[in-house]
Structure formats: structure tokens, C-alpha cells
Amino acid sequence: MTSWIDPDFPRTATPTDLVGRVLGLNPGMMTGPGTNTYLVGRRDPILIDTGVGEPGYVPLLEGYLAERGWPRPARVIVTHRHRDHLGGVTQLRTRFPGLAVAKMIHRDTELPDPIDDLRDGQTVKGDGVTLVPVYTPGHASDHLCYHLLEENAVFTGDVVLGGSTTVIPSGDGDLADYMASLRRLQALGVTRIYPAHGPVIEDAQGRIAEYIEHRMLRERQILDALDVGLDTIPAMVKRVYADVPEKLHPVAAQSVESHLRKLAREGRVREDVVAAGSAPSQPARWRLT
Ligand SMILES: [Zn+2]
């Protein structure tokens, strides 16, 4: 899981005639080589995502635009509100005044700048390209993927990644929504995936099926752990994520919690209410119903 921070990942690339890629220069445990931003179109490209706001990003983007003979991005569309996708908006607008930015406005409390609302199915047209927003909550409640009709490809943001599994954050994340989103992407019948982190995925259907199977496996493992009497999230993480480095266990704990919340909604497990007076640090106890 940590090996996906690839220092040799190209800073810019041109996967196809219609798609260019510029790296957000924010490598890390959660971002892999960094956030991919994509320029889509034959000319006047649409920029998908903005990186986190690393100072080196705008010069890198400008260099790539110049290489392609493009003065600026026509507009920006964002996959979701997480900082490593939205954090570059301010610096981009400083460099390209008046740049229009759109995302799905949903449960947003503090957006950095004026941003236009974009909804599922509200097609965005560029030069020789058609991008259809596909509402795909689960990793984030405001998440849009973008279906590029001309290539039968999809920009998956953080729903499907090139080299890791997606985190379902407690709070805004929702595993049941996430599974439904994966099935929605599957039903598009796309052949290629442009993820927000990691390399292009050519076997889109295979990867989506793997993602679904991976979650179902985790669910079975968690049910097994409950069945043998493990009743707290830390204990379940230790068993289910035995092959994962311990420093990633806090992230794994969020994942286990997301599974438990989904199972609870389905009526298959329940969370025991902690008795009054017990230590607040006491982890919640779960059991099969
Ligand atoms: Zn994210």
C-alpha cells in the first residue's frame, strides 16, 4: 500500500489526443505520487481538479500548456471537495483571472472561492469532448466522476485509484453509497479509467470488479471477526489488516467502521451503547444480531 508513492511517476503526460495530465506535486501515503489533474479537449482544455495548491503546480501546468500551444484552461471542474483536489483553485485564479470553477455543491461549509454548482448528467462540452458528470458518493458525499463519451473512459476522482483502495472517511463517507457508486460506474461499461491518483487503468471493468470484490471480502472478514468474539474496531483491525503496516491501522479503522455502519443499517450487526460512567476512551462494542 505504501509502495504506490512512485518517485518516478511522470510529472506531466499525454495519455491520448484528448487527455493530458499534470501532477499536483503532493506525494504522500494518502495521495500516492500526488493528485493527477487532467486537461481534456483538443484545444481550450477543460481542467479536472486543481491539486492541493503546491507552489510548483502552476508553473508545471503553464509549462505543459505552452508545450501543447494552449494559453490557459477554458474552465475547471472538480471531482470533490477534498483539499488535494480543490486546494489549488485560489492560485489558479491568481494566474488565470476569471477562471470558472464548478463542482457539485453539496454539504459544503467552507468553499475557498465562488464556485458554480454542477449536477449529475449536466453535460460539460469542450473542444471535441463531452464530459458527463456521474454522481458517485461514498468516498465523499459531493463526489462526481466524469464520463468522457468520446473515449468511453471515466475520470474517477477518488472512487477508483491507480494503486490503492479508496478510504471511506467516517463522517462524510458512506460504504453503502460507495458500493452503489462502483456499480453505477460498472454499468457505464467504460473501458478506461483516469484516476485522480496513480496511472491510467486500461482494464476498467476488471478493476471495478476487483474493487467490489475487495469490499465484499473485507465484509466477510469483519463478520468472521465478530463471529469469533472480537467486538471492538481496534481488535478487528488487528485481525483483518494483519498484512497492512501498523501506521496505516488508523485508516483501516475508518474502513472497518464504515463496514460496521453499513452492516448496522442492514440490521446485521449492532453497536452496544456504552454504559454511563465508563471511560470515554472506551471503544464502542459491536455484535452480530
Ligand atoms: Zn478524496
Side-chain angles (χ1 to χ4, degrees), residues 1-2 4-6 9 21-38 47-54 57 76-90 92 101-113 115 117-118 120 131 133-147 154-182 184-185 193-201 207-208 211 214-215 248 250-259 261-262:
M1 211 168 152
T2 47
W4 79 310
I5 308 174
D6 174 8
F9 195 81
R21 187 179 73 202
V22 178
L23 192 58
L25 304 177
N26 55 320
M29 195 171 79
M30 303 301 288
T31 58
T35 305
N36 293 323
T37 74
Y38 292 100
L47 177 64
I48 300 181
D49 282 343
T50 69
V52 73
E54 275 300 320
Y57 170 71
V76 178
I77 56 180
V78 175
T79 56
H80 64 297
R81 71 171 78 82
H82 292 165
R83 267 200 67 228
D84 60 319
H85 300 260
L86 188 63
V89 168
T90 309
L92 277 170
V101 180
K103 74 179 278 295
M104 182 174 177
I105 310 282
H106 180 71
R107 290 192 203 154
D108 288 301
T109 46
E110 38 174 89
L111 290 173
D113 284 276
I115 285 178
D117 191 17
L118 187 61
D120 180 86
L131 289 163
V134 183
Y135 183 45
T136 41
H139 167 76
S141 62
D142 65 335
H143 200 293
L144 293 177
C145 292
Y146 295 101
H147 186 187
V154 64
F155 296 88
T156 52
D158 282 355
V159 176
V160 177
L161 304 176
S164 177
T165 56
T166 297
V167 175
I168 309 300
S170 34
D172 193 44
D174 184 304
L175 185 61
D177 285 353
Y178 180 71
M179 297 297 284
S181 291
L182 286 177
R184 190 159 184 213
L185 291 179
I193 286 172
Y194 295 105
H197 304 275
V200 177
I201 298 159
R207 184 64 64 94
I208 295 168
Y211 263 52
H214 171 77
R215 295 290 170 174
L248 292 174
V251 179
Q254 287 189 46
S255 183
V256 171
E257 187 183 341
S258 67
H259 276 281
R261 301 242 171 259
K262 170 178 176 285

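Note that ligands are numbered from 1 as they come in the structure, with each ligand's atoms numbered from 1 the same way.
Put simply, the residue from His106, Arg81, His143, His82 that forms a side-chain hydrogen bond (donor to acceptor under 3.5 Å, both in side chains) with Asp172 is Arg81. For the side-chain hydrogen bond (donor to acceptor under 3.5 Å, both in side chains) with Lys103, the qualifying choice from Asp117, Asp108, Thr79 is Asp108, the only one to do so.
Closest approach between the Zn ion (ligand 1) and any N/O/S atom of His80 involves NE2. Looking at Asp158, its N, O or S atom nearest to the Zn ion (ligand 1) turns out to be OD2. When the Zn ion (ligand 1) is compared with the N/O/S atoms of His82, atom ND1 turns out nearest.
Coordination check, His143 versus the Zn ion (ligand 1): failed, since every N/O/S atom of the residue sits at 2.8 Å or beyond.
In this pair, His85 and His197 present their aromatic rings perpendicular. The plane angle is above 60°, beyond the 30 to 60° band.
Although no hydrogens or angles enter the test, the distance criterion places no donor-acceptor pair under 3.5 Å between the side chain of Arg21 and the main chain of Asn36.
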